[in-house]
Amino acid sequence: MKRKPAALISVSPDTKIRDVVVVLAEKRIGAVVVQSSDNDLLGILSERDVVRSLAANGTGTVDMLASQLMTRAPTTATPATSIFEAETLMTEGRFRHLPIVDGGKLIGVVSIGDVVAGLMDEQAQEVRSLRDYVTGGAV
């Protein structure tokens, strides 16, 4: 979450899919969270959801609502969730975006790309620590 921009991209449940697609394209993101007017997390809607609906429903998909295609009650994590736990949740659940909730409130979303970058950073730090240990701190 430390790397993520502060702005959270979300839509209301009554947003038409044609408008959701515009948001996804303009923001260059793969998913949006669906929130109530009270900012409660209702679901998450991804590009995959749209593509699956296009395959099943054709062009009628664009006139559907976010609430019709979103994944309801998505798996979430907290700021205390480790990068390894997040990766496991996403891999086992076969999804690419994980909402982060703190104190019952949505504070962000991490993508599989964010998780991979975090894992790479942790591995790089581990390599540096091991190198320092082996060389006695001299490089």
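In what follows, residues are counted from 1 in the order of the sequence shown.
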Task: Pair Val34-Ile44, side chain to side chain contact (heavy atoms under 4.5 Å, CB included): steps then yes or no - done: CA-CA 5 Å; Val34 182; Ile44 191 164; over 6 Å; no
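- Linking ILVMFWY side-chain heavy atoms closer than 4.5 Å, directly or via other members, places Val20 and Val62 in two distinct hydrophobic clusters.
- With a 4.5 Å cut-off on side-chain heavy atoms, Asn39 and Leu106 do not count as touching.
- A side-chain donor-acceptor contact under 3.5 Å links Ser12 and Asp14.
- A distance of 11.5 Å separates CG of Leu54 from CD of Glu47, quoted to the nearest 0.5 Å.
- Smallest separation of non-hydrogen atoms from Thr15 and Asp19: CG2-CB, 3.8 Å.
- If you take CD on Gln125 and CE on Met120, they are separated by 14.5 Å, rounding to the nearest 0.5 Å.
- Using a 4.5 Å cut-off on side-chain heavy atoms (C-beta onward), Leu42 and Arg72 make no contact.
- Distance CD/Glu87 to CD1/Ile112: 6.5 Å, rounded to 0.5 Å.
- Linking ILVMFWY side-chain heavy atoms closer than 4.5 Å, directly or via other members, places Met70 and Ile29 in a single hydrophobic cluster.
- Each of Leu41, Ile100, Leu8 was scored for a side chain to side chain contact (heavy atoms under 4.5 Å, CB included) with Val109, with one residue passing: Leu8.
- Ser46 and Asp49 share a side-chain donor-acceptor pair at under 3.5 Å.
- Listed for the Gln68 side chain is a donor-acceptor partner under 3.5 Å among the backbone atoms of Leu65.
- For the atom pair Thr75 OG1 and Leu89 CG, the distance stands at 6.5 Å (nearest 0.5 Å).
- The shortest distance between side-chain heavy atoms of Leu45 and Thr71 does not fall below 4.5 Å.
- Thr81 places no side-chain N or O within donor-acceptor distance of the main-chain N or O of Glu85, the cut-off being under 3.5 Å.
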- [ ] Could you walk me through whether Ser111 and Arg96 pass side chain to side chain contact (heavy atoms under 4.5 Å, CB included), step by step?
- [x] CA-CA 6 Å; Ser111 70; Arg96 297 177 181 182; over 6 Å; no
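- Arg48 contributes no side-chain N or O that, together with a main-chain N or O of Ala31, makes up a donor-acceptor pair within less than 3.5 Å.
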Task: Candidate pair Asp40 and Gln35, rule side chain to side chain contact (heavy atoms under 4.5 Å, CB included), full reasoning - done: CA-CA 5 Å; Asp40 293 326; Gln35 290 184 286; over 6 Å; no
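- Under a 3.5 Å cut-off, the side chain of Thr61 and the backbone N or O of Asn57 do not form any donor-acceptor pair.
- In this structure, a donor-acceptor pair under 3.5 Å is absent between the side chains of Thr91 and Thr88.
- Summarising the geometry of Ala77 relative to Leu98, their closest heavy-atom pair is CB-CD2, 3.6 Å, with the distance given to 0.1 Å.
- Phe95 and Val50 fall into different hydrophobic clusters, where Ile, Leu, Val, Met, Phe, Trp and Tyr residues are linked whenever their side-chain heavy atoms come under 4.5 Å apart, directly or through other members.
- Listed here is the closest heavy atom pair of Asp38 and Lys105: O-NZ, 3.6 Å.
- Looking only at distances, a side-chain donor or acceptor of Thr135 sits under 3.5 Å from a matching main-chain atom of Arg131.
- Ile17 and Val22 are not part of a single hydrophobic cluster, where members link through side-chain heavy atoms under 4.5 Å apart.
- Hydrophobic clustering keeps Val51 apart from Met64 (ILVMFWY residues linked when any side-chain heavy atoms are closer than 4.5 Å, directly or through intermediates).
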